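These notes are about the structure you will find just below.
These numbers come from a predicted model, not from an experiment. When reading the values below, keep in mind they use all heavy atoms of this one structure, side chains included, and skip hydrogens, waters and symmetry mates.
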Amino acid sequence: MTQDELWDVETAASYDTPGIGAFAPEVVGPIVDRLAELADGGAVLEFAIGTGRVAVPLVERGVSVTGVELSRPMIDRLRAKADEATIPVVAGDMATVRVPGTFQLAYLVYNTISNLLTQAEQVACFRNAARHLAPGGRFVVELWVPELRKLPPGQQAMVWETRAGYVGLDTYDVLRQRVVSHHFRFGEGREARLFRSPHRYIWPAELDLMAQLAGFELESRHADWDGASFTAESRSHVSVYRLPAGLRQ
């Protein structure tokens, strides 16, 4: 299944969870605070803008945001919140599409760079970000750390969350550096609904090399949007890459 097939009308309609989960104020607030700080009054580009989980509150903070989004159903959901004049969006692949203008900040949150399923596509995404940025501009990537240490020897699957009505597990293909996330949701009956998303996982060191190939330098890395220290036990990271002041792709 391709990414545009995966993020279809049904998925887009169920994506937003206002006030809870990824849409909870305590989750979104620190993201918006940090991105607004990094933008420093400049224009911002969001790759994989989705339904506007981050872009809408960022615009409400006075930041100018333009988006790139592959899924037209996701764009349609965003349009129920903000029109084209408020948040312009270009439909296309974040690894290749060109957006008019020059930006001070580009960002890619919520593990979305891993939706690109080859190393070449992920490198192209970094290069595409660099093409859109002014000298000294920044590219921010939020990404999970592969949890292979938790994978039992000889097994390919790992349960990463269980709660009432939900089980989340990942299946790994370590040869191709692929993982498929399985989200099972169920009620009182016998049937469950399954949503699966494929990813190519990336180690932080590999991500840094991708950035270097695109002309970026690592400026900072933290374990979360609040600035917690990144350690060997961190499950995710927020990495900020910066173009040298004299460089433009």
Side-chain angles (χ1 to χ4, degrees), residues 1-31 47-57 69-81 91 93-94 108-118 121-122 142-203 224-225 233-237:
M1 181 177 288
T2 63
Q3 290 294 331
D4 55 342
E5 292 172 331
L6 181 65
W7 302 101
D8 59 9
V9 172
E10 181 181 0
T11 302
S14 62
Y15 185 78
D16 290 2
T17 56
I20 61 174
F23 287 78
E26 62 270 22
V27 174
V28 177
I31 301 174
F47 285 169
I49 195 171
T51 65
R53 179 178 73 99
V54 174
V56 170
E69 176 55 50
L70 184 66
S71 166
R72 291 192 176 275
M74 298 289 272
I75 297 174
D76 291 341
R77 296 287 296 181
L78 170 59
R79 285 289 162 256
K81 308 171 188 178
D93 185 342
M94 61 187 174
L108 187 52
V109 300
Y110 208 42
N111 305 322
T112 311
I113 194 170
S114 68
N115 289 353
L116 299 170
L117 298 180
T118 69
E121 289 175 311
Q122 292 167 349
E142 178 188 20
L143 187 62
W144 97 99
V145 177
E147 296 190 291
L148 295 185
R149 290 187 301 172
K150 296 182 179 180
L151 195 65
Q155 296 190 32
Q156 294 179 307
M158 180 192 68
V159 176
W160 50 270
E161 184 174 348
T162 59
R163 61 176 185 268
Y166 177 82
V167 174
L169 64 88
D170 288 337
T171 55
Y172 282 84
D173 177 350
V174 295
L175 184 63
R176 296 192 301 159
Q177 211 163 305
R178 295 281 185 88
V179 60
V180 178
S181 293
H182 301 70
H183 305 266
F184 296 91
R185 292 179 172 84
F186 49 90
E188 298 297 329
R190 296 182 177 182
E191 295 184 355
R193 291 184 62 84
L194 170 62
F195 176 78
R196 292 180 292 183
S197 59
H199 305 269
R200 181 184 184 272
Y201 61 82
I202 316 168
W203 299 102
D224 58 28
W225 292 98
E233 303 306 317
S234 297
R235 297 184 62 185
S236 63
H237 59 95

Point-to-point distance, once rounded to the nearest 0.5 Å, from CZ of R235 to CG of L143
13.0 Å
Side-chain contact, heavy-atom cut-off 4.5 Å: E233 with R149?
yes
Report the distance from atom CG of D170 to atom CG of L151, rounding to the nearest 0.5 Å.
9.5 Å
Check this for me: F23, atom CZ, are more than 12 non-hydrogen atoms of other residues, nucleotides or ligands nearer than 6.0 Å?
yes
Looking only at heavy atoms, the pair that brings A55 and I49 closest together is CB-CD1, 3.5 Å
Could you please spell out the steps behind the side chain to side chain contact (heavy atoms under 4.5 Å, CB included) verdict for L148 and Y172?
CA-CA 9 Å; L148 295 185; Y172 282 84; 3.3 Å; yes
So how far is it from I113 CD1 to E142 CD, rounded to the nearest 0.5 Å?
12.0 Å
Looking at E191, I want to see if its CD is surrounded by more than 12 non-hydrogen atoms of other residues, nucleotides or ligands under 6.0 Å.
no
Please tell me if the side chains of Q122 and I202 come closer than 4.5 Å, counting only heavy atoms from C-beta onward.
yes
Check: L78 and E69 side chains under 4.5 Å, non-hydrogen atoms:
no
Can you tell if the side chain of L117 reaches within under 4.5 Å of the side chain of R178, non-hydrogen atoms only?
yes
Starting at CG of L169, measure out to CD of E161 and round the result to the nearest 0.5 Å.
11.5 Å
Tell me if the CD atom of E147 is crowded by more than 12 foreign heavy atoms within 6.0 Å.
yes
The reported gap from CZ in R79 to CZ in R72 (rounded to nearest 0.5 angstrom) is 11.0 Å
Atom of M94, atom of A48 and distance for their closest heavy-atom approach
SD-CB, 4.1 Å
Tell me whether the rings of Y166 and W160 are parallel (<30°), tilted (30 to 60°) or perpendicular (>60°).
perpendicular
Do the ring planes of F184 and H182 sit parallel (below 30°), tilted (30 to 60°) or perpendicular (above 60°)?
parallel
Which pair of non-hydrogen atoms, one from A157 and one from P152, has the smallest distance, and what is that distance?
O-CD, 4.1 Å
Could you tell me if Q177 and W203 have a donor-acceptor pair between their side chains, going purely by distance under 3.5 Å?
no
At their closest point, which heavy atom of V54 faces which heavy atom of V109, and how far apart are they?
CG2-CG2, 4.2 Å
Can you confirm whether V174 sits close enough to Y201 that some side-chain heavy atom of one is under 4.5 Å from a side-chain heavy atom of the other?
yes
For residues H183 and S181, is any side-chain donor paired with an opposing acceptor at under 3.5 Å?
no
Between the main-chain N or O of G50 and the side-chain N or O of R77, is there a donor-acceptor pair closer than 3.5 Å?
no
Using every non-hydrogen atom in the two residues, find where P25 and P30 come nearest and quote the distance to one decimal.
O-CD, 4.0 Å
Worked verdict on V27 versus R53 for side chain to side chain contact (heavy atoms under 4.5 Å, CB included)
CA-CA 10 Å; V27 174; R53 179 178 73 99; 4.0 Å; yes
One should read off an interatomic distance between T51 OG1 and I75 CD1, to the nearest 0.5 angstrom, of 11.5 Å
Apply the side-chain hydrogen bond (donor to acceptor under 3.5 Å, both in side chains) test between N115 and each candidate in E121, H199, R200; give the one that qualifies.
H199
